Amino acid sequence: MKEISITTQFSVFESIEELSKDTQDLMNEAIAIRKKAYAPYSKFRVGAALLLDNGQIVLGSNQENAAYPSGLCAERVAIYHAGAIYPDAKILKIAITAASDTNQTKAPIPPCGSCRQSIAEYEIKQETPIEIYFMGEIGVIYQSASLKNLLPFMFDKKFL
């Protein structure tokens, strides 16, 4: 038997004010769209904002449905919308924020597995990393330079 070790690295920002101005703006867009999420079942609202290389910002919020799992996460709403409207644009960074209607979310909330795979698809397609910033309602913000930190064993087209 052989063992392998995988190391990931994240930057931690104590507040939004520590982020660069463009990333602060992006996170504030994610916070604003999070408040418009349709989450009557989970009461858990998520907002995502993408910055594209053409300067456009694309937003998404989670959209739930009583017929589980027909809803869609905020990250995928934003990514798929960007892919449909700006198919040749690259995603430079994504800001994600999550909050519960029932208790304050203080820990950074990372993308779920399905969203990680969707981000991976676009990172591989565009052949450049996507910076990912994620936070709860309040508190610290984690930054990953690439999805590879969140999903080191990515499944992609080379396996098909």
Side-chain angles (χ1 to χ4, degrees), residues 8 10-87 89-123 125-126 128-151:
T8 60
F10 297 86
S11 296
V12 179
F13 298 88
E14 294 300 319
S15 69
I16 291 176
E17 290 75 26
E18 285 188 10
L19 300 170
S20 67
K21 176 71 170 112
D22 68 323
T23 306
Q24 284 182 41
D25 293 344
L26 197 65
M27 188 60 80
N28 284 323
E29 292 275 359
I31 291 167
I33 198 69
R34 177 192 78 209
K35 294 174 182 177
K36 297 178 182 179
Y38 180 68
Y41 308 105
S42 72
K43 310 283 191 238
F44 192 76
R45 300 173 186 278
V46 182
L50 310 178
L51 175 62
L52 306 180
D53 67 351
N54 63 8
Q56 295 294 316
I57 293 176
V58 178
L59 305 175
S61 60
N62 57 314
Q63 301 296 310
E64 294 181 351
N65 191 297
Y68 286 116
S70 297
L72 202 58
C73 300
E75 298 92 318
R76 286 182 284 155
V77 168
I79 289 166
Y80 296 157
H81 183 72
I85 303 301
Y86 306 106
K90 292 182 178 182
I91 301 168
L92 300 178
K93 53 178 88 171
I94 181 170
I96 305 161
T97 176
S100 170
D101 289 350
T102 58
N103 59 339
Q104 194 168 57
T105 310
K106 298 177 184 177
I109 308 296
C112 73
S114 294
C115 289
R116 291 178 197 206
Q117 186 62 41
S118 296
I119 297 167
E121 186 72 21
Y122 281 80
E123 192 168 276
K125 173 188 165 201
Q126 68 186 35
T128 56
I130 298 171
E131 288 181 57
I132 304 167
Y133 295 81
F134 53 97
M135 66 179 290
E137 181 179 4
I138 63 167
V140 300
I141 298 114
Y142 287 0
Q143 184 260 338
S144 173
S146 169
L147 181 72
K148 291 178 184 176
N149 285 324
L150 293 168
L151 193 62

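Given the structure is predicted, the values throughout are model-derived calculations rather than measurements.
Applying the salt bridge (Lys or Arg N to Asp or Glu O under 4.0 Å) criterion to Arg45, with sequence neighbours excluded, gives Asp101. Residues passing the salt bridge (Lys or Arg N to Asp or Glu O under 4.0 Å) test with Lys21 are Asp25, sequence neighbours excluded.
Heavy atoms from other residues, nucleotides or ligands lying under 6.0 Å from NZ of Lys148 number 12 at most. For Gln117, the CD atom sits in a packed shell: over 12 heavy atoms of surrounding residues, nucleotides or ligands are nearer than 6.0 Å.
One distance of note links CG of Leu50 with CD1 of Ile96; it measures 8.5 Å at 0.5 Å rounding. Here SG of Cys115 is found 11.5 Å from CG of Leu150. Values are rounded to the nearest 0.5 Å. Here Ile33 contributes atom CD1 and Glu29 contributes atom CD; the two are 8.5 Å apart, rounded to the nearest 0.5 Å. Glu131 CD to Thr23 OG1: the interatomic distance, rounded to the nearest 0.5 Å, is 6.5 Å. Separating the CD1 atom in Ile57 from the CD1 atom in Ile94 is a distance of 12.5 Å, to the nearest 0.5 Å. The distance from the OG atom of Ser146 to the CG atom of Leu151 is 9.5 Å, given to the nearest 0.5 Å.
In this structure, Glu14 and Val140 approach most closely via the heavy-atom pair OE1-CG1, 3.6 Å. Among all heavy-atom pairs drawn from Ile16 and Met27, the shortest one is CD1-CG, 4.0 Å. The minimum heavy-atom distance linking Met135 with Glu137 is given by the pair CE-O, 3.7 Å. Nearest heavy atoms, Pro129 versus Ala145: CB-O, 3.5 Å. When all heavy atoms are compared, the tightest approach of Val58 to Ala78 is CG1-O, 3.5 Å. Residues Ser15 and Ile141 approach most closely at C-CD1, 3.4 Å, considering heavy atoms.
Of the possible donor and acceptor atoms, one in the side chain of Asp53 sits under 3.5 Å from a partner among the backbone N and O of Lys90. In terms of modelled atom types and a separation under 3.5 Å, the side chain of Glu64 and the main chain of Ser42 share a donor-acceptor contact. Within the 3.5 Å criterion, the main-chain N or O of Ile130 finds a donor-acceptor partner in the side chain of Glu123. Between the side chain of Thr105 and the backbone N or O of Ser100, at least one donor-acceptor pair lies under 3.5 Å. The main-chain N or O of Ala74 is never found under 3.5 Å from a side-chain atom of Ser61 such that the two would form a donor-acceptor pair.
Contact check for Cys73 versus Ser114: no side-chain heavy atoms found under the 4.5 Å cut-off. Taking the side chain as every heavy atom from C-beta outward, Arg116 and Pro110 approach each other to under 4.5 Å. You'll find the side chain of Ile91 reaches within 4.5 Å of the side chain of Leu52, heavy atoms only. Contact of the Tyr133 side chain with the Leu19 side chain is registered, since non-hydrogen atoms from C-beta on lie closer than 4.5 Å. At least one side-chain heavy atom of Lys93 sits less than 4.5 Å from a side-chain heavy atom of Asp22.
No side-chain donor-acceptor contact under 3.5 Å links Arg76 and Ser118. For the residue pair Asn65 / Ser70, no side-chain donor-acceptor distance below 3.5 Å is found, with atom types taken as modelled.
By the 30° and 60° cut-offs, the orientation of the rings of Tyr80 relative to Tyr122 is tilted. Relative ring orientation between Phe134 and Phe10 is described as perpendicular, the plane-to-plane angle rising above 60° on a 0-90° scale split at 30° and 60°.
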Worked verdict on Ile109 versus Val46 for side-chain contact (heavy atoms from CB on, under 4.5 Å): CA-CA 9 Å; Ile109 308 296; Val46 182; 5.9 Å; no
